[in-house]
Amino acid sequence: MLWRPMTATDLPAVLAVAAVVHPDYPEDETVFAERLRLFPQGCLVLEGADGPIGYVIAHPWQRAAPPALNSLLRELPSQAGCFYIHDLALLPQARGSGAGGVVAARLAEIAADAGLSCLALVAIEGSSGFWRRQGFRAVHEPALAEKLASYDDAARYMERALQPEHETTAEGRTTP
């Protein structure tokens, strides 16, 4: 199994994975295509022996303001406050393989390279335990209650702060 950049030709397979993993959260192909067009470096596919068996879609966005499901963004904010993980989906044969942790670490690198200080997501269907193991914590934001309820009763907005880069001083010491 290998994470690789997503291409437009992967979209039918990505939609097929989404239909299996997230049948209660359907999204149009245009949503996936737009995210890929807006921020391709945040769109990855987990390649299995017989084709894609997972994907992740992430992009710069505003903190505590997750986009609604099945909605177009039109453009990314010029002053993003976080790197938003729109979706991580793994078919059953990929679960437990470590692929989720690998891609979470890769997304943190992409976010840091983009100059962003945190990762954010909405955890659904009991996935918050996985995300806690990746360093995320639930953020209780009353203004999000209605939006989170549109996902499911267990949906949680979560964030993970990224460690600032350490710099080396002229004397050879590292500083945060």
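- Side-chain contact between L116 and C82: absent, with no pair of heavy atoms (C-beta onward) separated by less than 4.5 Å.
- Classified by interplanar angle (parallel below 30°, tilted 30° to 60°, perpendicular above 60°), the ring pair Y25/Y151 is tilted.
- Here V139 pairs with R137, Y157, E159 under the side chain to side chain contact (heavy atoms under 4.5 Å, CB included) rule; sequence neighbours left out.
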**Request:** Verify side-chain contact (heavy atoms from CB on, under 4.5 Å) between V17 and I53, making sure each step is shown before the conclusion.
**Result:** CA-CA 7 Å; V17 170; I53 56 173; 5.9 Å; no
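- R132 is linked by a side chain to side chain donor-acceptor pair (under 3.5 Å) to S128, counting only residues two or more places apart in sequence or in another chain.
- The hydrophobic clustering, which links ILVMFWY residues whose side-chain heavy atoms are closer than 4.5 Å, places W131 and V102 together.
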**Prompt:** For Y55 and D10, what are the C-alpha separation, side-chain angles and deciding distance, and is it a side-chain contact (heavy atoms from CB on, under 4.5 Å)?
**Reply:** CA-CA 10 Å; Y55 67 87; D10 291 316; over 6 Å; no
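- Among pairs with a residue in residues 82-106, none fulfils salt bridge (charged side-chain N to carboxylate O under 4.0 Å, His left out), at least two apart in sequence or across chains.
- Atom CH2 of W61 sits about 8.5 Å away from atom CG of L38, to the nearest 0.5 Å.
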**Request:** Start with the C-alpha gap between V21 and L90, add the side-chain angles, then the distance that decides, and say whether side-chain contact (heavy atoms from CB on, under 4.5 Å) holds.
**Result:** CA-CA 7 Å; V21 177; L90 300 173; 5.8 Å; no
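- Applying the salt bridge (charged side-chain N to carboxylate O under 4.0 Å, His left out) test to residues at least two apart or on different chains, none of the pairs has a partner in residues 34-46.
- Going from atom CD of E141 over to atom CG of L148 covers 10.0 Å, rounded to the nearest 0.5 Å.
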**Message:** Run D152 and D24 through side-chain contact (heavy atoms from CB on, under 4.5 Å) and show every step you take.
**Reply:** CA-CA 9 Å; D152 62 46; D24 296 332; over 6 Å; no
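- For S117, there are no side chain to side chain donor-acceptor pair (under 3.5 Å) partners at least two apart in sequence or on another chain.
- Rounded to the nearest 0.5 Å, atoms CG (L121) and CG (L107) are 10.0 Å apart.
- Every pair passing ring-ring contact (aromatic ring centres under 6.0 Å, His included) that includes a residue from residues 62-119 is listed here, sequence neighbours excluded: F39-F83, H59-Y84.
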